Amino acid sequence: MYAQTARIQFAVILSFVFIYINTVMFVTLYSKPMLRDTPRYMLFANMIFTDSIQLISSSVLNFIIFIFISPVPKVACSFLMLIAASTSRNAPLNLAVMSLERYTAICFPLRHKELATVRKTYVAIAAIWFLGFVNSVIDSVYTSVTDPVFFTEQIICDRQSIITTPWQRSFDQAIDGLYYISVVLIIFYSYIRIMVVARSLSSSAKSAGKAHRTLLLHMIQLIPCLNTLLYGNLISFITATLSFDAFLEVSYIIYLLFILIPRCLSPLIYGLRDDSLRCLYMYYFRCGLSGAKPKVNIHS
């Protein structure tokens, strides 16, 4: 029992270490007006915020399940599940919008400022959160209306306690599949179009090459996003097939591989590869002790 508790505490501590790193990066992005008003950095800030909320909600859920293993109010469990499921859907949708932003920057450079405005970026971010939340809200509202003890019952918090009907599970899987396939098509289309432009216009080769690497990173990031979407189904499967002790062991490993590690590494890798902001990130990580604040030069 002590070893199991230590492993979960390690996961929770690691989560909050990376939440701190994400917070520093988020503060960095909002430290200068030019960053706050640049669509790609606005979308990156949204990715950092989404991943941080996902880490917090999943850490709380796993802390409750694995350390206390005690019942919680069903309404509270529903709220935590709503946040965790919604933020997991936000991640691939945000990648799709980031890819479209790079696509317009390379393929329509003269119209990029017109197509990718601050206002339109805020609308896109709002749409991401709406699409991420809508299905989870429907699930929560349906359960609260049809379950007479929803506000009073105490349960062991897991997804199976909230999604109780076959149609809810099927609809959730269909939505997840639709979102993921749509994001794959958008990123793949953007990648091909940028490749065509790079070959036809040698003057855009440098910018297109950088955009290629960015979209390739998006494709790699889709793998942990898919893992996150599969996480709930895997947990449901092992809950039905394994003993309780085996369930604790296997679900801990799945949590590390599918939720914690991808959510920790993805923003860090994406952020530190940005030549324009790497020095500024390091300045804030060192709490301003490394000297004067570096200047930021933003390139398309």
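Keep in mind that what you see is a predicted model, and the values were worked out from it rather than measured. Residue numbers start at 1 and run along the sequence shown.
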Can you label the angle between the F49 ring and the W129 ring as parallel, tilted or perpendicular, going by 30° and 60°?
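Correct class here is tilted.
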Please answer: with hydrophobic residues joined when any side-chain heavy atoms are less than 4.5 Å apart, are L43 and V123 in the same cluster?
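Different clusters.
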Does one hydrophobic cluster hold both I175 and V137, with members joined at side-chain heavy-atom distances below 4.5 Å?
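I175 clusters together with V137.
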To the nearest 0.5 Å, what is the distance between [atom1] on [X] and [atom2] on [Y]?
X    : Y    : atom1 : atom2 : answer
L93  : M98  : CG    : CE    : 13.0 Å
I48  : N94  : CD1   : CG    : 10.0 Å
F171 : D176 : CZ    : CG    : 10.5 Å
T121 : N46  : OG1   : CG    : 10.5 Å
F188 : S99  : CZ    : OG    : 13.0 Å
S86  : L131 : OG    : CG    : 11.0 Å

Check this for me: [X], atom [atom1], are more than 12 non-hydrogen atoms of other residues, nucleotides or ligands nearer than 6.0 Å?
X    : atom1 : answer
K113 : NZ    : no
R111 : CZ    : no
F133 : CZ    : yes

Flag, side chain of T117 to backbone of E114, donor-acceptor distance under 3.5 Å
no
Before you tell me yes or no, could you show the steps for M34 and Y41 under side chain to side chain contact (heavy atoms under 4.5 Å, CB included), namely the whole-Å CA-CA distance, both residues' side-chain angles and the distance that decides it to 0.1 Å?
CA-CA 9 Å; M34 70 174 66; Y41 292 120; over 6 Å; no
Name all residues meeting the ring pair (Phe, Tyr, Trp, His ring centres under 6.0 Å) criterion together with Y30; count only those two or more places apart in sequence or in a different chain, and write none if there are none.
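Partners of Y30 by the ring pair (Phe, Tyr, Trp, His ring centres under 6.0 Å) criterion, ordered by chain and then number, come out as F26.
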Side-chain heavy atoms of P73 within contact of Q154, under 4.5 Å:
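Yes. Closest side-chain heavy atoms under 4.5 Å.
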Nearest heavy-atom neighbours spanning [X] and [Y]:
X    : Y    : result
M42  : I125 : O-CD1, 4.0 Å
S140 : L82  : OG-CD1, 3.5 Å
L80  : S57  : O-CB, 4.4 Å

Quiz question: by atom type and distance under 3.5 Å, do the side chains of T50 and T87 form a donor-acceptor pair?
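Side chains of T50 and T87: no pair found under 3.5 Å.
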Do T165 and Q168 pair up side chain to side chain, a donor and an acceptor below 3.5 Å, judged on atom types alone?
yes
Could you check whether R89 pairs with D172 (Lys NZ or Arg NE/NH1/NH2 to Asp/Glu carboxylate O, under 4.0 Å)?
yes
Ionic contact status for R40 with E101, cut-off 4.0 Å
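Not counted as a salt bridge, because no side-chain N and carboxylate O are separated by less than 4.0 Å.
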For Y189 and Y103, I'd like to know if the aromatic rings sit close, meaning centre-to-centre distance below 6.0 Å.
yes
Please, which pairs that meet disulfide bond (SG atoms under 2.5 Å apart) have at least one residue in residues 93-143, sequence neighbours excluded?
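Every candidate disulfide bond (SG atoms under 2.5 Å apart) pair involving residues 93-143 fails, so no pair, neighbours aside, qualifies.
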Criterion side-chain contact (heavy atoms from CB on, under 4.5 Å) against V183, the qualifying member of I187, I186, L185, I181:
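Per the side-chain contact (heavy atoms from CB on, under 4.5 Å) rule, the option paired with V183 is I187, out of I187, I186, L185, I181.
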In sequence, state the C-alpha distance, the side-chain angles, and the governing distance for L100 and S190, and then conclude on side chain to side chain contact (heavy atoms under 4.5 Å, CB included).
CA-CA 7 Å; L100 290 175; S190 301; 4.1 Å; yes
Would you check, one step at a time, whether the test side chain to side chain contact (heavy atoms under 4.5 Å, CB included) holds for D147 with K74?
CA-CA 10 Å; D147 188 351; K74 194 169 188 176; 2.5 Å; yes
